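Have a look at the structure below before the remarks.
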Amino acid sequence: MRRSTWLIAAAVVPMLVLSACSSRNAVNKPHNKAGGGKGGYGYKIAVVTHGGQGDSFWSIVRNGVMQAGKDMGVSVTYQSDGDPQQQSRLIDAAVNAKPDGLVVSMANPEALRTSIQNAVKKGIPVITINSGEAQSKAYGALTHIGSDETIAGRAVGTQLKTDGVKNVLCVIQEAGNVGLEQRCKGVKDTLGGTVTNIQVDNNNLQAAQSIIAAKLQSSKAIDGVVTLGAQVAAKAETAISTAGSSAKLVTFDLNATVAKDITAGKILFAVDQQPYLQGYLSVVMLTQYKSNLNVLGGGQPVLTGPNLITKDNAAAVLPLAAGGTR
Amino acid sequence: MTDIEVNEVTEPGTDVPLLEIRDITKTFGSVISLFEISTTVRAGQVTCVLGDNGAGKSTFIKVLSGVHQPDHGQLLVDGKTARFNTPRDALDAGIATVFQDLAMVPLMAIWRNFFLGSEPTKGWGPFKRFDAATAKKITRKEMADMGIDIRDPDQPVGTLSGGERQSVAIARAVHFGARLLILDEPTSALGVKQAGVVLKYIVQARDRGLGVIFITHNPHHAYPVGDRFLLLKRGRSLGDFAKSEISLPELTRLMAGGAELEQLAHELERESGETSDLGRELLQDTETLG
Amino acid sequence: MTAATVTADERVAHVGVLRRVLLKPEFGALIGAVVIFVFFAAQSDVFRSMAGAANWLDVSSTLGLMAVPVALLMIGGHFDLSAGVQTGTAGLATGIMTTYWGLQLYASWAVSLALMLVIGFINGFLVTRTGLPSFIITLGMFLGLQGLNLGLTKQVTNTVQVENLDLVPGYHSLFNILGSTFTLGHAKFQIAIIWWIGFTVVASWLLLKTRFGNWIFATGGEPNASKNVGVPTDRTTISLFMMTSAMAWFVGNTQIVRSGTIQAQVGIGQELYFIVAAVIGGCLLTGGYGSAIGASLGALIFGMTQVGIINVNWNSDWFKLFVGVMLLLAVLANQYVRRFAENVRR
C-alpha cells in the first residue's frame, strides 16, 4: 500500500475504533484503587505463600494483604512459590531484609521449618495462614489464621449426605496440592458413600470440562460433583448439563461466576474460607503485635471458615466477588 | 567507460563476451579475498576457474552471482557494466549459479525443486495454485533433454545420486533461460564415473549455446571441457589463458605451484647439506610435472 | 542434440498408489487414530456413542485448531513456544477492552486480531533479523506474555479472570459464530469442530497446492539454498508466525465467548501439546517435511486418548504417561513407514 494510504488508515482507524466505545459495553467496573485509612505505622511486613501465580484464591489473599498494608500504613511485600524448596528460599531472602513481621502459608510445613524457626530466632514475629495449622505453634508462630481443609471437607460431606448424595466426583485441579487432597479426603470421611478423585489442569479448563463430562457419561451413578476451585466450578456446571447428568454441584472457594450460579440454583453452595480475611488479618495482627503486643486466638487458631455461601447470601456477595475481595 | 569492446582474436564465438570480469577486487575487513581478477566468458564456451583451497574461488562465485558486491573492478554483461545487488539481479541478467549445495531441498520432490522460486501458477486471487501438472511435465521433459529418464518426478531429490542431482540443477538453470551457467565444484564430491557424466552435461549445456564458468580444483577435469582457464592462488590471478596458450601439464604445474616446489627442494638441499631424499623426491616431482 | 525419448516406466504404474499413500507424512497418524479409536470404542460404549464422540471431538478441535498453524510453522523450520499463552492474550484482550473499557464487542474482537498479528510479526521479525533460534525468541515471548496476561488482568480487574462477556451487547451473534452447537443424533457438537475441519482443509491446500506452500517446505528444508534461488524466506517465516498468532486469536476468543469468562493463565503448558500433535502427524522437528492433516489427526488422537482414558475408568493420572509413550511410538512408526516406503521405491 502507498504511504499516503497508510497515513490515512493510521488516522482513521483509531477514530473508528474509539467511536465504538460505549458505557453499555463496560459491564465490569474497573478496580477502584483508592486506599483506605492512613494508619501510618510504617512497619515492613513480608508475606511468603505457596499459592500459584494465576490462582484466583491466592489473588484474593494478596488483595487482602495489599489493602491491609494501605489501611495500616505499613509496607508489604507479597511473594509466592508452589515449590516448597523455592518457598523456603524466598522466606530466607525476606528474613535477610529484616522485616518487622513475616506471614507464611505452610502447604509443606517440614520443608519450611528451618526457615521459619530461623526467623523466630531472629526475633521476627511470624503468623501462619491457610495451611499448616498443626505445626504452627510448634514452629514458634504467634498464631494461625485459616480454615482447616479437612474440617471443611467433612462439612461438605455431611451436607451432601443430608441432601441424599451417595456418589461423589471430587475434581482436583492442581496436581500434588496437599490442601486439595485433604478436602477430598474430608468429604470421603463423612459422606458415607463413594468418592472418586479425578485430576484436571487448571490451566486448561476447556479440557477439564470435557474430562468431567466424560466421567459423568461413563459413570452414571455419580450424583454429586465437588470442585475445589472457583474457576473449575463453572466448567463443571457446563459439563453436568452437557453430559445430561442430574448430579448436584458444590464447590470450594468463590468468584463472581460461582456466586451468580448459586443465585441461579446451578450450584448448591460454595465453601468459602474468606481468603481476603486471611491476608488482611495477618497484616493487621502483626501490626497490632508490633505496636501493642496484642496476640489473637488465645493459643487457638483464628478461623476464617468454613463459611457457606448459599442461595440466601450469594446475591449480596456477588459484587464483592467481582471486585476481587471475596 | 566505453560500451565498445576490443575483440579477442582467435576466439570462436561472438564478438562481445557474455560476461567480462575486469579487475575484480573484494576485501573482507583486512583480508583481501580477491585482487584484480580478470577473465571473460563467451556464449558456447567454457571458462574454467582453477585453484586450490583458499584461492578465493567461493568469493569469486559469490561476486558473480550477486551475493557479494565487488569493492573494485567491473562486471560487464554483453559489454555493458552491470551491478548485482542481490542474487535476483544476477538471475534476471541470465546468470544462473549452481552452488555446491545445489540449491536443492533434499526432502522435496524433484518437480518442486525444479521450479523453486519460479513456480508456475494457475488461477487468480486467493485461489491461485501451484500448477503441479505442468511442473511435473516440464521437469520430465527437461531432464529427458539432458538424457535422464526420471521414473517418478515425485521422488525426493535426496534419493537421487550425486550426478543426477547435478543434472537436475543444470537442467533447471538451462530451463529458466540462463545464458551463463556458473558451476561451483560440480565434480569434487563425485566418483570417477559420476564426474564423467557431469562433464558430459557441461558439454551439452555449452553446445546449447550457454556460456559456462566451471569452478574446480582438478585440472584433469577442467582441461578436456575448457576453452579458457583462469588460475587463482590466494586471491590473486596466476594468469588467464586460452586453451591454445597452455597445455595440461603446464596447467597442472602452475596449479601445484611447480616453481615453488623447485625452490623448496633447493632449500632443503641447502639445509641438510647434501641432496636429501625428500629434496630429490620433490625435484623429481617438478620434473614430471614440468 | 537429440532429446532422449522418454519411455513410460512400467514399474511406476504398479507401485504407484500404495507407495504414494505410504509415503504421505500423515499416514502414520491415520493408522494411530484408527488404532486408538478401536481400542477405546471396544471397551466403552460411551466413547463410541454420539455424545461421547461430541466430547472427544471437542477436545480434539481445541487442540487441533492451534496444531495446524504450529505444524505449518514447524515445516517452515521454526517453533513457537508462545503459541499457547497467546490464546490467553487474545481472549483477555477482547474481554478487558469490552467489559472494562467499554469498546463494542466486535470492535474489540478486531483490535484483538490486530494485536495478535503484531505479536506474530514481532516473533517472525526477531527470528529472521537476529538469526537466533526461534526456540529462544519465542521462549522470551512466552515468558513476557505470561507476565503481561497476569499482571494486566490483576491490574484492571483485581482478580485473575475476566468475566461477564455474556452480558455485553452483541454477545449472542458472536456466540453463534464461535461458541454455538449443532445437533447430530441427539448429541450436541461444538461449532469449533467445523471450524477445525475447515481450517485443516485450507491449510493443507495452502501447503500442498500453492506457491507459498512450496516456499514453506523450502524455507524449512534448506533456507540458504532457497534464498539463493529467490524464495522470499524471511517473508515466508514472518507470515507463518503471524498465521500462528491469528489462530491463537481465533482459539482464545472462542474460549472467552463460549463461557463468557477467561482466566489469566489459560494456555500455559499447551504449546508443547501443539508440537506433539504436529510431530505425531509426521512433522520433522528439523523442518522441511510434514502435514497439516497429520497434525489434525495427531490432535484427534490426543482428544480421543484424553477422554477415552476417563471413559474406560482408568486413573486420569496416567494420561501424561500415555502421551509420552504415544509420542515416541508415533515418531518411530513414522520413521519406519517412511524408510519402508522409500526402500520400496528403490
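Note that the structure is a prediction, hence the values are computed from the model and not measured. Just so it is clear: chains get the letters A, B, ... in the order the sequence lines come, proteins before strands, and each one is counted from 1.
- With C/Thr87 contributing its side chain and C/Ala83 its backbone, the two residues share no donor-acceptor pair below 3.5 Å.
- Interface remark: A/Ala321 contributes backbone atoms only to the contact with chain C (heavy atom separation under 4.5 Å).
- Neither the backbone nor the side chain of A/Asn197 comes within less than 4.5 Å of any heavy atom in chain C.
- Classification of the C/Phe250-C/Phe199 ring pair by plane angle, with boundaries at 30° and 60°, yields perpendicular.
- A/Gln199 touches chain C through backbone and side chain together, each having a heavy atom under 4.5 Å away.
- Using a 4.5 Å cut-off between heavy atoms, A/Gln217 contacts chain C through both its backbone and its side chain.
- Side-chain atoms of A/Asp253 do not come within 3.5 Å of backbone N or O of A/Gly229 as any donor-acceptor pair.
- In this structure, the side chain of C/Glu271 engages the main chain of C/Gly269 through a donor-acceptor pair within 3.5 Å.
- With hydrogens and angles left out, the side-chain atoms of A/Lys215 and C/Asn313 include a donor and acceptor closer than 3.5 Å.
- For C/Gln190, the side chain to side chain donor-acceptor pair (under 3.5 Å) criterion is met by no residue, not counting sequence neighbours.
- Ranked by heavy-atom pairs under 4.5 Å with chain C, the first of A/Gly324, A/Gly52, A/Ala214 is A/Ala214.
- With a threshold of 4.5 angstrom between heavy atoms, A/Ile198 approaches chain C through its backbone and through its side chain.
- A/Asp81 places no side-chain N or O within 3.5 Å of a backbone atom of A/Gln86 that could act as its donor or acceptor partner.
- Contacts of C/Thr98 with chain A are made by both backbone and side-chain atoms, with heavy-atom separations under 4.5 Å.
- C/Leu178 and C/Thr254 make their closest contact through O-CG2, 3.5 Å (heavy atoms, listed as atom of the first residue, atom of the second, distance).
- Residue A/Asn63 touches chain C through its side chain alone, counting heavy-atom pairs closer than 4.5 Å.
- The residue among A/Ser219, A/Ser59, A/Ala26 with the most heavy atom pairs within less than 4.5 Å of chain C is A/Ala26.
- The shortest side-chain heavy-atom distance between A/Gln231 and C/Val160 falls under the 4.5 Å cut-off.
- The shortest distance between side-chain heavy atoms of C/Trp196 and C/Leu57 falls below 4.5 Å.
- With a 4.5 angstrom heavy-atom cutoff, C/Ala264 does not touch chain A via any of its atoms.
- Note on C/Lys320 versus A/Asp201: no salt bridge recorded, every NZ/NE/NH1/NH2 to OD/OE distance being 4.0 Å or above.
- Contact annotation for C/Val111: only side-chain heavy atoms (C-beta onward) come within less than 4.5 Å of a heavy atom of chain A.
- The aromatic rings of C/Trp56 and C/Phe37 stand perpendicular to each other, their planes meeting at an angle above 60°, with 30° marking the opposite boundary.
- Looking at C/Leu150, only its side chain comes within 4.5 Å of chain A, counting heavy atoms on both sides.
- Residue A/Ala239 does not touch chain C at all, counting heavy-atom pairs closer than 4.5 Å.
- The contact between A/Ala213 and chain C is made by backbone and side chain atoms together, counting heavy-atom distances below 4.5 Å.
- Highest contact tally toward chain A, considering only C/Thr99, C/Val46, C/Val168, C/Thr159, is held by C/Thr99 [criterion: heavy-atom pairs under 4.5 Å].
- The part of C/Gln161 that comes within reach of chain A is its side chain, from C-beta onward, which places non-hydrogen atoms under 4.5 angstrom from that chain.
- Proximity to chain C is absent for every atom of A/Thr196, based on heavy atoms less than 4.5 angstrom apart.
- Of all the listed residues (C/Thr261, C/Asn55, C/Val266, C/Ile96), the one sharing the greatest number of non-hydrogen pairs under 4.5 Å with chain A is C/Asn55.
- When side chains are defined from C-beta on, A/Gln67 counts as touching A/Tyr276, because their heavy atoms get closer than 4.5 Å.
- Between C/Ser173 and C/Tyr106, the side chains place a donor N or O and an acceptor N or O closer than 3.5 Å (distance only, hydrogens not considered).
- Residue contact with chain C, scored on non-hydrogen atoms closer than 4.5 Å, is absent for A/Thr238.
- Checked by atom type and distance alone, the side chain of C/Gln255 never pairs as donor or acceptor with a backbone atom of C/Val251 at under 3.5 Å.
- Highest contact tally toward chain A, considering only C/Glu163, C/Gln306, C/Gln270, C/Gln104, is held by C/Glu163 [criterion: heavy-atom pairs under 4.5 Å].
- Listed by sequence position, A/Ala256, A/Thr257, A/Lys260 are the residues of residues 256-264 of chain A in contact with chain C, using a 4.5 angstrom heavy-atom cutoff.
- A heavy-atom distance below 4.5 Å is not found between the side chains of C/Phe302 and C/Thr62.
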